[in-house]
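Below is one structure, written out as structure tokens; the observations come after it.
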Amino acid sequence: YLHIGNARSALFNWLYARHTGGVFIVRIDDTDRGRSTREYEEDVLAGLRWLGLDWDEGVEVGGPHGTYRQSDRLERYQQVVAELVASRRAYPCFCTPEELAERREEAQRQGRPPGYDGRCRLLEPETAAARAAAGEPASVRLAVPRPGETTFDDVVRGEMRFGHEVLDDFVILRSDGSPTYHLASTVDDVDYRITHVARGEDLLSSTPRHILLTEAMGEPSPIYAHLPLLFGPDGRKLSKRHGDTALRAYIEGGYLADAMFNYLGLLGWSYDAETTIFSRRQAVERFELADVSKNPAVFDVDKLQWMNGEYVRAAAVDQFAAAARPFLERGLGRALEEGEWDRFRSIAPLVQERVKLLQEVPGMVGFLYREEVDYDEASWKKVMKPDLAPQVLEEARARLSAVEPWDHRGIEETLRAMLADLGIGAGKGLQPIRVAVTGTSVSPPLFETLEALGRQRTLARLVAAAGRL
RNA sequence: GGCCCCGUCGUCCAGCGGCCUAGGACGCCGGCCUUUCAAGCCGGUAACGCGGGUUCGAAUCCCGUCGGGGCUGCCA
């Protein structure tokens with residue numbers, strides 16, 4: 001599925017490609033069969049589309065390099081490996097996973113580095129070929145040049161240096177013939193003519209392997225940029241325990257794509273010293289991988305929510321209403337009828353400035369669509385004072401029945417006159433009506449609310465509430 | 001353990017030797033506005049991990065230290 005951290009990486013890649021006029025490619029890394037289902041793939045693509053990260057080449061849109069799906073390229077990976085073995089840059093390894101695990105543990109115990117000891121590298125090629133021909137299962141490992149050192153200039157981190165002592169001869173082809181991530185992704189990078197690789201910092205220490213592999217293939221390496229990791233509020237790598245790490249959860253929670261785009265863009269990058277809210281256009285204009293921060297960032301849902309509220313309020317009313325509709329219908333458990341939709345649209349502007357997430361919409365206007373008012377007891381107790389409430393409700397009912405036409409101006413005029421006549425303040429006098437009609441002491445502005453509710457329901461609810469006192 | 005990365009308000013970001021008595025944003029606190037709740041406006045809280053250098057001058061450069069994180073698989 002599309003993890004928030006991967007979404008952020010994709011976003012930075014997209015921004016960089018758009019900023020430089022480059023090509024943004026989406027390929028499917030599905031070498032791990034357990035985790036790679038079509039369902040996951042669809043979730044990832046849907047997430048990218050939702051965020052507005054369109055790609056120029058890759059899965060679904062096509063391009064000069066086939067299907068852009070690793071599972072369709074097995075022969076290519078195997079061919080590369082065969083060439084590497086032929087040129088002695090890689091070799092078959094007959095050690096079984098059990099043996100390796102055992103040796104790893106042993107090494108750990110003795111405080112030695114746990115990496116592969118390279119014993120099969122010593123096998124004569126003829127011996128190895130014979131054993132393989134006899135059907136003995138073998139993986140293939142890259143023969144890391146030793147002694148040696150791999151250096152590269154990371155766009156965000158600067159000069160990186162790794163001595164080969166710390167790199168073991170890693171597996172590039174599993175004994176079942178499938179490629180490992182290292183192999184598949186570097187072969188793809190080469191074949192797809194990738195110029196820039198921007199990915200999470202967790203892959204920083206894998207980069208020398210990728211460079212070594214690329215060199216073994218006799219090709220130039222792409223430029224690497226390792227992005228800071230995203231953390232949860234506890235300062236650990238963002239994971240399930242921090243709540244939602246799936247982009248999907250935010251889509252369904254009522255976040256707006258533009259807000260998510262903006263927020264993600266702020267995790268490790270900034271438009272300038274002062275600007276927090278910026279458009280895609282602006283981001284594309286200024287984005288530079290070299291400006292990306294090195295520090296890990298904590299994913300702050302509070303700030304995301306605030307930002308979403310900003311985007312909700314900045315949206316055109318019609319756009320907001322349309323976006324909110326599915327959330328409203330889901331909350332209600334049914335589709336909205338024509339008249340109900342109109343009623344919603346009439347108070348949508350008032351709802352718009354009161355929600356941060358579209359998810360909150362049903363809770364805010366549900367009273368419009370339910371026959372029975374669902375009274376919140378706390379609100380009731382706080383507002384329905386026995387000395388005042390009965391009088392206010394009855395008086396309001398009587399006066400409102402005569403309002404003509406039924407609109408918020410007339411309603412306001414009438415109720416204000418009532419308050420003046422009764423000699424009570426707006427706070428005290430209007431709250432009982434609000435609770436009577438919506439069930440809670442928190443709602444959109446009262447006069448508009450009554451207008452949207454309609455005279456019939458308003459009067460009926462005033463009576464019902466009075467009867468409940 | 002080994003290798004690597006990182007260290008400015010609680011959080012995100014600005015700062016790339018003097019413009020910093022460290023700036024913006026979220027959060028938090030207070031006020032204004034007000035028919036509730038929001039929104040809006042105004043104000044406040046709060047940070048250069050620590051210790052040495054270098055320099056006329058350091059948040060900015062160097063070293064050390066401490067702290068956090070990543071990797072260390074026939075996972076990606």
Side-chain angles (χ1 to χ4, degrees), chain A residues 29-32 34-36 93 95-97 100-101 104 107-116 137-141 154 156-158 160-163 165-168 170-176 178-182 184-185 199-208 226 228-229 231 233 235-237 263 266-277 293-307 309-310 313 350-356 360 364 379 382-383 412 415-416 419 425-431 433-435 438 440-447 449:
Chain A
D29 282 22
D30 53 357
T31 52
D32 178 1
R35 275 188 282 190
S36 310
C93 169
C95 302
T96 66
L100 293 170
R104 189 161 33 241
Q108 298 265 33
R109 264 199 302 278
Q110 298 182 8
R112 286 184 291 117
Y116 180 62
S139 61
V140 177
R141 293 176 181 273
D154 189 283
V156 342
R157 273 149 225 284
M160 290 296 122
R161 261 193 145 70
F162 292 86
E165 324 75 70
V166 304
L167 286 179
D168 64 354
F170 57 100
V171 172
I172 57 177
L173 196 70
R174 302 188 187 105
S175 53
D176 66 0
S178 66
T180 60
Y181 161 76
H182 297 304
S185 80
R199 51 164 39 165
E201 195 203 320
D202 51 344
L203 288 165
L204 185 59
S205 32
S206 293
T207 302
H226 287 92
L229 257 18
F231 286 153
R236 305 187 70 82
K237 205 175 169 182
Y263 180 68
L266 246 21
L267 261 24
W269 184 74
S270 64
Y271 181 78
D272 62 24
E274 323 277 88
T275 311
T276 304
I277 304 283
S293 141
K294 300 189 228 288
N295 315 342
V298 172
F299 185 78
D300 180 2
V301 185
D302 282 344
K303 188 162 181 174
L304 206 212
Q305 258 183 43
W306 162 79
M307 185 167 283
E310 292 289 306
R313 272 173 266 121
L350 302 173
V351 176
Q352 190 172 4
E353 29 180 278
R354 288 174 168 70
V355 299
K356 286 191 165 84
E360 300 162 28
M364 199 145 289
S379 296
K382 191 172 58 183
V383 166
E412 171 158 16
L415 290 179
R416 293 230 184 258
L419 293 176
K428 271 194 153 18
L430 263 24
Q431 281 300 79
I433 301 175
R434 186 189 308 280
V435 171
T438 69
T440 118
S441 57
V442 176
S443 84
L446 189 61
F447 312 125
T449 294

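Only this structure's heavy atoms are used, side chains among them; waters, hydrogens and symmetry mates stay out. Throughout, a chain's letter reflects where its sequence line sits, starting with A, and its residues are numbered from 1.
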Any strand, both distances under 3.5 Å, Watson-Crick or G-U wobble: B:G43 pairs with B:C29

- request: Determine the interatomic distance between P on B:C12 and the same-named atom on B:U21; round to the nearest Å.
  value: 25 Å

Classify A:Leu173 by what it touches in the nucleic acid, base, sugar-phosphate, or nothing, heavy-atom distance under 4.0 Å. nothing

Tested for side-chain hydrogen bond (donor to acceptor under 3.5 Å, both in side chains) against A:His226, the lone hit among A:Arg157, A:Arg199, A:Glu201 is A:Arg199

- Any side-chain heavy atom of A:Cys93 sitting closer than 4.5 Å to one from A:Tyr116? yes

Could you walk me through whether A:Met160 and A:Thr207 pass the side chain to side chain contact (heavy atoms under 4.5 Å, CB included) check?
CA-CA 10 Å; A:Met160 290 296 122; A:Thr207 302; over 6 Å; no

Taking atom types as they are modelled, would you say the side chain of A:Ser175 forms a donor-acceptor pair with the base of B:C74 within the 3.5 Å cutoff?
yes

By the 4.0 Å heavy-atom rule, please label A:Gly429 as base, sugar-phosphate, or nothing. nothing

Determine the Euclidean distance between corresponding P atoms of B:G1 and B:U8; express it in Å to zero decimal places. 24 Å

Look at A:Arg313 and B:G40 and indicate whether a side-chain polar atom (N or O) is within less than 4.0 Å of OP1 or OP2. yes

Checklist entry - Counting only side-chain N and O atoms of A:Thr180, is one of them less than 4.0 Å from OP1 or OP2 of B:G73? => result no

- Message: Using a 4.0 Å heavy-atom cut-off, does A:Val166 contact any base of the nucleic acid, only the sugar-phosphate backbone, or nothing at all?
- Response: sugar-phosphate

A:Gln305 atom CD is separated from B:C12 atom P, nearest whole Å, by 18 Å

A:Phe231 CZ to B:G10 C1', in whole Å, measures 16 Å

Can you tell me, in whole Å, how much space there is between the C1' of B:U65 and that of B:G7?
13 Å

Out of B:A25, B:U36, B:C4, minimum distance to the side chain of A:Met160 belongs to B:C4

- Query: Which part of the nucleic acid, if any, lies within contact of A:Glu353, taking any heavy atom under 4.0 Å across all strands shown: a base, the sugar-phosphate backbone alone, or nothing?
  - Reply: base

* Which is true for A:Pro228 with a 4.0 Å heavy-atom rule: it touches a base, it touches only sugar-phosphate, or it touches nothing? -> nothing

note: A:Glu201, atom CD; B:C4, atom C1'; distance rounded to Å ~ 8 Å

Which part of the nucleic acid, if any, lies within contact of A:Cys95, taking any heavy atom under 4.0 Å across all strands shown: a base, the sugar-phosphate backbone alone, or nothing? base

Closest to the side chain of A:Asp300, out of B:G10, B:U36, B:U35, is B:G10

- Message: Is it the case that the base of B:C5 and the side chain of A:Arg157 share a donor-acceptor contact (distance under 3.5 Å, atom types as modelled)?
- Response: no

Any strand, both distances under 3.5 Å, Watson-Crick or G-U wobble: B:C66 pairs with B:G7

Against the side chain of A:Ala297, the closest entry in B:C75, B:C13, B:U11 is B:C13

Of A:Ala273 and A:Asp168, the one whose closest nucleotide on RNA chain B sits nearer the 5' end is A:Ala273

Scan A:Ser206 against the nucleic acid and name what it touches under 4.0 Å (heavy atoms): base, sugar-phosphate only, or nothing.
base

Answer for the Watson-Crick or wobble partner of B:C19, both distances under 3.5 Å, is none

Practice prompt. Give a yes or no answer on whether the side chain of A:Thr449 reaches the backbone of A:Pro445 with a donor-acceptor pair at less than 3.5 Å.
Written response: yes

So CH2 of A:Trp306 and CD1 of A:Ile277: to nearest 0.5 Å the spacing works out to 4.0 Å

Of the candidates B:C4, B:G69, B:A38, the side chain of A:Phe162 sits closest to B:C4

Rounded to the nearest 0.5 Å, the CZ atom of A:Phe231 sits from the CG atom of A:Asn295 at a distance of 10.0 Å

Considering every strand and a 4.0 Å limit on heavy-atom distances, what is the contact class for A:Arg434: base, sugar-phosphate, or nothing?
base

With the side chain defined as heavy atoms from C-beta on, A:Leu430 is closest, among B:U35, B:C13, B:G10, to B:U35

- Message: Quick test of your reading of the model: are A:Arg354 and A:Glu360 salt-bridged, counting only N-O distances below 4.0 Å?
- Response: no

From CG of A:Asp302 across to C1' of B:U11 the rounded distance in Å is 9 Å

Worksheet item: Contact class for A:Glu360 (heavy atom, under 4.0 Å): base, sugar-phosphate, or nothing?
Response: nothing

The nucleotide from B:U36, B:G27, B:A76 with an atom nearest the side chain of A:Asp29 is B:A76

Using the P atoms only, state how far B:C61 lies from B:C16, rounded to an integer number of Å.
11 Å

Taken to the nearest 0.5 Å, the spacing of A:Leu266 CG from A:Met307 CE works out to 5.0 Å

Please classify the nucleic acid contact of A:Tyr263 as base, sugar-phosphate, or nothing, using heavy-atom distances under 4.0 Å. nothing

Below 4.0 Å: OP1/OP2 of B:G68 and any side-chain N or O of A:Asn295: no

I want to check one thing: is the phosphate of B:C74, taken as OP1 and OP2, less than 4.0 Å away from some side-chain N or O of A:Arg141? yes

- On a whole-Å scale, what distance lies between the C1' atoms belonging to B:C26 and B:G70? 27 Å

Among the nucleotides B:U35, B:C37, B:A14, whichever has the atom closest to the side chain of A:Gln431 is B:U35

Item to check | Side-chain N,O (A:Arg416) to OP1/OP2 (B:U35) below 4.0 Å | outcome: yes

Comparing A:Arg161 with A:Leu203, nearest RNA chain B nucleotide closer to 5' gives the residue A:Arg161

| said: Just to be sure I understand the rule, does A:His226 reach a base, reach only the sugar-phosphate, or reach nothing, if contact means heavy atoms closer than 4.0 Å? | reply: nothing

- Task: Pick base, sugar-phosphate or nothing for A:Ala426, based on heavy-atom distances below 4.0 Å to the nucleic acid.
- Result: sugar-phosphate

May I ask you to decide if A:Thr440's main-chain N or O and A:Ser379's side chain share a donor-acceptor pair within less than 3.5 Å? no

Discussion item. By the 4.0 Å heavy-atom rule, please label A:Leu266 as base, sugar-phosphate, or nothing.
Written reply: sugar-phosphate

Answer for the Watson-Crick or wobble partner of B:U55, both distances under 3.5 Å, is none

To the nearest angstrom, the NZ-P distance between A:Lys303 and B:C28 comes to 14 Å

From CG of A:Asp272 across to P of B:G23 the rounded distance in Å is 16 Å

note: A:Glu274, atom CD; B:C26, atom P; distance rounded to Å ~ 13 Å

Among B:U35, B:U11, B:C13, the one nearest any side-chain atom of A:Phe447 is B:U35

query: Have A:Ser178 and A:Arg174 got a donor and an acceptor in their side chains that come within less than 3.5 Å?
result: yes

Separation of B:C75 atom P from A:Arg104 atom CZ, nearest Å, is 10 Å

Partner of B:G2 under the Watson-Crick or G-U wobble criteria, both distances under 3.5 Å, comes out as B:C71

Report task. Looking at every strand, decide which applies to A:Pro296 at a 4.0 Å heavy-atom threshold: base, sugar-phosphate, or nothing. Result -> sugar-phosphate

Practice prompt. Can you tell me, in whole Å, how much space there is between the P of B:A39 and that of B:G27?
Written response: 8 Å

